[in-house]
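Remarks on the structure that follows.
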Amino acid sequence: MDERFSRLRGFIDIYGEDLYFFNLIENTFRKYAEIYGFEEIKLPILERTELFVRGIGEGSDIVRKEMFSFKDRGNRDVTMRPEGTASVVRAFLENNLLNDPKYHKLFYIGAMFRAERPQAGRLRQFHQAGVEWFGSDSPLVDFENISMLWYILKELGISDKVDFIVNSVGCDKCTPNYKSYLTSFFDEHYDKFCEDCKERRNKNILRIFDCKNPSCQNTLKNAPKIKETLCDNCKYHLDTLTDMMSKDKIPFSIEDNLVRGLDYYTRNVFEVRYKGIGAQNAIAGGGRYNNLVSEFGGPSIPAFGFAIGIERTIITLKENIELPKKMSVALCSVSSKETNFSLEIAKILRKEKIVTHVLSHIGNLSKQMKVANKLGVKFAVIVGEEEFREKKVSLKDMETGKQNTVPIENLIDKLNNKGLE
RNA sequence: GCGAGCGUAGCUCAAUUGGUUAGAGCAUUGGACUGUGGCUCCAAGGGUUGCGGGUUCGAGUCCCGUCGCUCGCCCCA
């Protein structure tokens, strides 16, 4: 192919096994979101740039260097959404959903865009499935969200392959205190920190916990813990959530260092990690954001949300789950005289929702069998002069190689019983 | 934005310190086999060695540039 037409870096085609798992994740997520009482919402991919600048935070890395932003034909500043929450909040306010309790719990599934350098588990266009729950500050809400995610991962078969990590980043009341404690601690040990951390000190001091530098990590061992400075209310939120998770036997660990990169989070935050992906190991994450709705000019309404990274979850599934083999049949005919007969049979099979490949257009029988083998079908149904005359088919199990002739009226039964003597 | 590694057939990889016409397996196509796939055997097609320049009698191999991919940092899902 002419390379001028090749796909853009970080943008991929999804098909085959990947798409199977993609759909599995999407369907499982949708099923549970609905069971838990969430309503689906489809949101625009393109929004005003200002929405994300305000929502995610001017100082965040996403806004500073990762957005696909440009001017549209009307000279408006627009951005391809890098995440879902800001848009959901916007839609919540713009459609006055506050007035209708039915739409206080929303979920979305769709593509997100970030202009980063691609690497394992990181793409420029990726997909997230997420929920947002408006109107309550109760830790029960935090728990409901996390437990829903737990059951989704359980149904997908990977709940025992991942780690749940929980923390609290505090609220308006206690975070400023903590930040000032941390800043004075930092200044006491200023020389022991790396250049990056010195920059973090001024930008967002909490991020120093994300530093991979061993010397910084070592210094931070003695740093004040956020847990020790949480206000009573925040402490109550974290304790209640973790109690509920323990009671429901959802395994988790508390990590003082867990800080989220989006500025809007308050109180409880969490992340789900899978070790097999490489450096980009967070397959889901989220938390409480009690100030974002008012930030957009709405009333002061607390909220909680999380999102699953679909591509990263696909990686996890591929490493742990076998692809199921579905029932399928190849229809082979000996000569063109039996073409109509095999089309009749195809009709019968498809009526029973059996995946049917008609191969009559492909060469001789030997060639058809070869193709049937490549397609990986469970059975070959072979029709020739004799079968046509007697209204029968030859049914061959492609795995065992066993073959019987069966009357047409018994074909479906035979296939469903999957038994050939 | 920064750092490292890698670009040879559709795929996975060979090719002696630079040395004839760049090879093999898998895959594809045809045949052995005109009513039976997988296994075997035979044959065929498939390459501007990512691209451009340089060094050299001679470059897949060395040098420079460029593009692409991968991994990591940053950050996040």
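Numbered from 1 within each chain, the chains take letters A, B, ... in sequence-line order.
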Does the side chain of R9(A) get closer than 4.0 angstrom to OP1 or OP2 of C69(B) through an N or O atom? yes
Within the side chain of N95(A), is there an N or O that forms a donor-acceptor pair under 3.5 Å with the backbone of A91(A)? yes
Is it true that a side-chain atom of S342(A) and a backbone atom of T339(A) form a donor plus acceptor pair closer than 3.5 Å?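 Checked: pair present.
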Can you list, in residue-number order, the parts of residues 361-376 of chain A that come under 4.0 Å of RNA chain B, counting heavy atoms only? L365(A), S366(A), K367(A), M369(A), K370(A), N373(A), K374(A)
Between which residue ranges does RNA chain B form stems of three or more consecutive Watson-Crick or G-U wobble pairs, both distances under 3.5 Å?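 Ordered by first number, the stems with RNA chain B (at least 3 consecutive pairs each) read B:1-7 with B:67-73, B:10-13 with B:23-26, B:28-32 with B:40-44, B:50-54 with B:62-66.
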Are any of the side-chain heavy atoms of R124(A) and L8(A) separated by less than 4.5 Å?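 Sidechains of L8(A) and R124(A): no contact.
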For a 4.5 angstrom cut-off between non-hydrogen side-chain atoms, does L153(A) reach Y274(A)?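 Heavy-atom side-chain distance check fails, nothing below 4.5 Å.
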With ring pair (Phe, Tyr, Trp, His ring centres under 6.0 Å) as the rule and sequence neighbours excluded, what pairs involving residues 24-64 of chain A come up?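 Applying ring pair (Phe, Tyr, Trp, His ring centres under 6.0 Å) to every pair that reaches into residues 24-64 of chain A, excluding sequence neighbours, yields F29(A)-F107(A), F38(A)-W133(A).
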Rounded distance in Å - CZ (F270(A)) to P (A77(B)):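 F270(A) atom CZ is separated from A77(B) atom P by 10 Å.
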For atom CD of E116(A) and atom C1' of C2(B), their distance in whole Å: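 These atoms are roughly 14 Å apart.
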Taking everything shown except K42(A) itself, do over 12 heavy atoms lie less than 6.0 Å from its NZ? yes
Ring-plane angle category for F270(A) and F306(A), please: parallel below 30°, perpendicular beyond 60°, tilted otherwise. perpendicular
Would you say the base of G35(B) and the side-chain of E387(A) have a donor-acceptor pair closer than 3.5 Å? yes
Within the modelled atom types, does a donor on one side and an acceptor on the other bring the side chain of R122(A) and the base of C74(B) under 3.5 Å apart?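 Under the 3.5 Å cut-off, the side chain and the base do form a donor-acceptor pair.
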Approximate separation, where rounding is to 0.5 Å, of I310(A) CD1 and E26(A) CD: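 That separation rounds to 6.0 Å.
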